[in-house]
Amino acid sequence: MSKYNVDLKQLDLPHIDNLIRQFWEERDIFKKSVDQRPKSNSFVFFEGPPSANGKPGIHHVMGRTVKDIFCRFHTMQGKRVERKGGWDTHGLPIELSVEKELGITKEDIGIKISVDEYNRMCRKTVMQYKDIWDDITRKMGYWVDLEHPYITFNNEYIESVWWLLGQLYKKQLLYKGYTIQPYSPAAGTGLSSHELNQPGCYKDVTDTTVVAQFLAKPDSLPTFLQGLGDIHLLAWTTTPWTLPSNTALTVGPKIDYVLVKTYNPYTFKAIQVILAKSLVGAQFTEKRFRHAESEEDLLSYQSTDKKIPYSVLQEFKGEALIGIRYEQLLPYALPYQHPENAFRVIGGAFVTTEDGTGIVHTAPTFGADDAKVAREAVPEVPPMLVLDENGNPVPLVDLQGRFRADLKDIGGKYVKNEYYKANEAPERSVDVEISIKLKEENKAFNVEKYVHNYPHCWRTDKPVLYYPLDSWFIQSTAMKDKMIELNKTINWKPAHTGEKRFGNWLENLNDWNLSRSRYWGIPLPIWRTEDTTEELCIESVAHLKAEVAKANEKLGLSQSVPEDLHRPYIDDVVLVSDSGVAMYREKDVIDVWFDSGSMPYAQWHYPMENRDNIDKGLSFPADFIAEGVDQTRGWFFTLHAIASMVFGSVAFKNVISNGLVLDKEGAKMSKRWNNVVDPFETIETYGADATRWYMISNAQPWDNLKFNVDGIDEVRRKFFGTLFNTYSFFALYANIDAFAYQEKPVPLAERQEIDRWIISLLNTLVKEVEAEYSDYEPTNASRKIMTFVDEHLSNWYVRLCRRRFWKGEYSQDKVAAYQTLYDCLNTIAKLSAPIAPMFTDWLYQSLNGGTQLEPQESVHLVDFPKADPASIDKALEQRMDYAQRISSLVLSIRKKENLRVRQPLSKIMLPILDTEFINQIDSVKELILSEVNVKEIEYITDTDGFISKKAKANFKTLGKRLGKHMKEGARLIQEMDQTAIRSLEKNEQFDIEIEGEKYTLIPEDIEIFFDEVPGWQVATDRDIVVALDISLTDDLIAEGIARELVNRIQNIRKIKEFDVTDKIRVHIEAHDIIHDAIGKFSDYIKSEVLAVDITMDEAEAGEVVEITDTVSLRVFVEKA
RNA sequence: AGUCCCGUAGCUCAGCUGGUUAGAGCACUACACUGAUAAUGUAGGGGUCGGCGGUUCAAGUCCGCCCGAGACUACCA
């Protein structure tokens, strides 16, 4: 005979975790849960690959809980949900951690250590925390296929990525360009815009800024500026180190500029300067300058004067300045090409007058806008490129961020002090040195510190440089419209992340910089001839093999395709062009983000294998993905971009972007603040389920979570504790009665009102929870389940029904109670399984262990419950609500009158509005009476003359009709007397008049409720009024005492640890106060405490027990 | 600098398309209850719904501005 599991005396979630985890592993439940569903009915999920070179944090538990919930839910909905795990293995983070470990820099690679060795080291390092990741995955109960993960460094994966690049190449979406890009000298690589958009990259920094004076060449000035003496153009820069590379100044053709006569604040020399009219006030600050009153005033200036006078001489459009030539500001070098076209004023539409001077210092080698405007000028303004020792054109700053050695005083210095090794940075940065130099040479108009936002490298944390680089791009801008259009079909949770954040990002899309001049990554599969006229994009290993054979033949080589497709082996492969010329691989590796964006295809080695997965849509696009909001421009974008460009499809249909996990104060978790929560510790202390449930129920996944372990404990107590207690209660009595659900389900009609009520609520709950899960609203689902378990099942159903379980014969009613409670618990286990997979599996197995009702060995193999609409009875739910509220009201009167519930009372009086109400209350009458220990309910109707009604306006219906008379109308309605209300009820209409306007009220315009009833002990709650008769008779008192006795005897039983089924004998010290009680209620007492007899004697062996406030007696209890 | 999101009790959060006493849980206080007991019930205190202005008969809810927190965008010199 099987029994319900009662092994656990107390709820111990970590213990249950262990049991269930072991069970899953032994029985291979995860695999079964996937395999039992047909391939044809799939729910596609993509697992975003984490990088195993960092340890998992508590936020990973959050993200993975969200993923797990929907995968489990859809599995229970009959779907096949394959979840291939994956690892992100390439990229800068790994390379940098290896460099650090080896104590080398990028320059040493290929010299101190071979590329081969270096890459082998990367391959090893990248998986260093894999075991810890696998461990947290298991411990938190996240189901993902860890045995067959995709790994981005595998040849198959690389081959798929090549194929994708090949498709882009064929669509002519790959191009090579020389552009100014964000570049990290410390990391030695260019950065893509999504790398620059990683959180925390933009930081406020204080830089030395200069407003420089560029001396115009007199003969190039427009006629209206000629013959006035020296004229300087003022231009502002936040990067003085770029001034040696200045080759132009840009003005806005339509902007108004002025010529100002004043003195240089450092040299006190008289000067004339040009700047934008609207920025005169910003440059000539009141602190240091003043308007000159007259020509004499201006001329009379002495360097000892406090304020410098200035005077505006002329005004003109920027247009007029174009073509002016100026003396090179810092003549360190000259452009190697067309130096005669440098150092002149050009026009540019991007110039604004928001800050600076309205004249933009233009260094085409270090600014994207600068390069563009310089190229567009006629004739083209040359960038400041010089020839190096090999005759190649290079900028004045090298790839390490250092000035070229041959640049006199600044040669060999880093342009930013941050690039020096610790403690090696000079006191004065190059920016400061240049500023001082300019001041001394009467070339600086203003030097000051300025705080602005500047991008930093996401890995090295050092400032980014904008630098000219030759690299490969994906022309994503060409597919922008398609991406925008497809995005509109995606269901984003929350919606605004998709519409606004992601949508705006797509609107402002830039081309995707693919190139990384690094070693550990997927090699760019493009080969070129040395003169760059011919090129080839390889799109598979087979393709490469064929090309290698061709090259071997034509060039007389004996190469083979390398076993490992990484550098350096792939670099050695030489191919041959159509014209028979050798081609060499472009040295770059690709952006790692392309790796992860390729996973929908590359995880299946598409198209070399598993073609149907993509072509027939078996595994593409995803029905669902989830990651943190920080991935909006990361993985979410790369998935979307590749799918849009290569397949013209979305990559995912539903996406949750979850918020951050903060500490309990709302601060970011960081090692520096020592507020990082260890996920292992949390799970081991509180259990995975409580942790998961807390995270989901406390806040919506997309809101930031203020993580507080106190909240987990609360969830454990309130939800899991209550559910566990309810189960334990059930199991205790079901085992005693040997209830094993052998009987046919008792028809609903034959069950008690309260059974039908909880079943109705349960079915409503099933319906709602299914809708919430389907709508990707796990928080609402969890909260609804909690309310049901806590308020309805435990605190009402079980509380009221307790006696049915422990009293009486094994009747149909008892069976009905068992069946009802069993069904509730079993259904809750299933509804909650996606969120709390371990406890619910324990609960399901414990229940099913007593009945063998369901063949599935785990809750994760069953189908999600279906709501039965026929069981939902809204009128019944309403009635029970009345019963709960009436009971509460009676208890509150008892409390006020100091009448304990054990003392029976004679009657409740209930004023009622209509007979329908009587019917409703009648069917729940018994529940109320037993709950509050009262003998009967008496209904008081209108005609009894006790009741006075009050009316209140219904604003919703009246507001529109009465308009501004609403306030007055509400007052009139409140003042309606009994006859007026009665008249409205009878005639179904009633006229009121406000300021001459007549309005006809109909019944729905007012709400009627009861006034206080004078002279009664009453309590009210909205539309219900309850009065209680508190007079006591001798019988009532005796019964009260009898109940007190029962209570005391029960306590003694418990102290003595009798079994709940033990029969007893009771001896009570004789006393008047109990004489009546025992005389009249001995049968009752005996049956309550399972006594075979009760005797009044000395009870000498008994203990003294307080019976009432004034009487204490000896009571002795022994086993019969 | 711009865009987006958020601001409701000491804490964590509800509050639907505007409708009249702004809710729940936790915490706190008091009293009960106790054959579910590291639970439970009842009662109580605690809110100018971030601020100001507007629309409306009516605003926590809609609009504008401001303050505060956050995320994101941006080479704007």
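Just so it is clear: chains get the letters A, B, ... in the order the sequence lines come, proteins before strands, and each one is counted from 1. FYI, side chains are in, hydrogens and waters are out, and symmetry mates aren't considered; it's all heavy atoms of this structure.
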Under a 3.5 Å cut-off for both contacts, is [N] paired Watson-Crick or G-U wobble with anything, and if yes, with which nucleotide?
N	answer
B:C16	none
B:C65	B:G51
B:A43	B:U29
B:A59	none

State the [atom1]-[atom2] distance between [X] and [Y], to the nearest 0.5 angstrom.
X	Y	atom1	atom2	value
A:Leu825	A:Leu723	CG	CG	6.5 Å
A:Ile712	A:Phe720	CD1	CZ	11.0 Å
A:Gln10	A:Asn725	CD	CG	9.5 Å
A:Met966	A:Leu958	CE	CG	5.0 Å

Note to self: Determine whether a donor-acceptor pair (one donor, one acceptor, N or O, separation below 3.5 Å) exists between the side chain of A:Thr362 and the base of B:A77.
What the structure shows: no
Note to self: For a quick check under 3.5 Å, do A:Asn487 and A:Trp492 share a side-chain donor-acceptor pair by atom type?
What the structure shows: yes
Notebook entry, point to check: Quick one: do the A:Trp236 and A:Thr209 side chains pair a donor with an acceptor below 3.5 Å?
Noted result: yes
Taking atom [atom1] in both [N] and [M], compute the distance separating them and give it to the nearest angstrom.
N	M	atom1	answer
B:C16	B:A39	P	34 Å
B:A74	B:C65	C1'	25 Å
B:A24	B:C67	P	36 Å
B:G35	B:U29	P	26 Å
B:G46	B:C11	C1'	13 Å
B:G44	B:A9	C1'	14 Å
B:U8	B:G60	P	15 Å
B:G70	B:C6	C1'	8 Å

Out of [options], which has the shortest distance to the side chain of [X]?
X	options	answer
A:Ser794	B:A36, B:C72, B:U3	B:A36
A:His361	B:A36, B:A77, B:A14	B:A77
A:Gln10	B:A38, B:A77, B:U40	B:A38
A:Tyr733	B:G35, B:C75, B:A77	B:G35
A:Thr237	B:U12, B:A71, B:A77	B:A77
A:Lys956	B:G19, B:A14, B:A39	B:G19
A:Met966	B:C13, B:C26, B:C57	B:C57
A:Thr239	B:U73, B:A77, B:A14	B:A77
A:His496	B:C75, B:C4, B:A36	B:C4
A:Asn704	B:A36, B:G70, B:G35	B:G70

Can you tell me how far [atom2] of [N] sits from [atom1] of [X], to the nearest Å?
X	N	atom1	atom2	answer
A:Asn780	B:A24	CG	C1'	14 Å
A:Phe636	B:A71	CZ	P	17 Å
A:Glu791	B:U40	CD	P	12 Å
A:Leu800	B:U40	CG	C1'	13 Å
A:Phe502	B:C4	CZ	C1'	16 Å
A:Arg804	B:G35	CZ	P	20 Å

Check: Are A:Tyr733 and A:Phe805 near enough that their ring centres are under 6.0 Å apart?
Finding: no
Check: Should the ring pair A:Trp693 and A:Phe719 be called parallel, tilted or perpendicular, given that the plane angle runs from 0 to 90° and is split at 30 and 60?
Finding: parallel
Answer with base, sugar-phosphate or nothing: what part of the nucleic acid does [X] contact at a heavy-atom distance below 4.0 Å?
X	value
A:Arg783	sugar-phosphate
A:Ser728	nothing
A:Gly367	nothing
A:Asp370	nothing

Does a side-chain N or O of [X] approach OP1 or OP2 of [N] to a distance below 4.0 Å, or not?
X	N	value
A:Asn795	B:G41	yes
A:Arg501	B:U3	no
A:Lys500	B:G2	no
A:Arg717	B:A27	yes
A:Lys706	B:C11	no

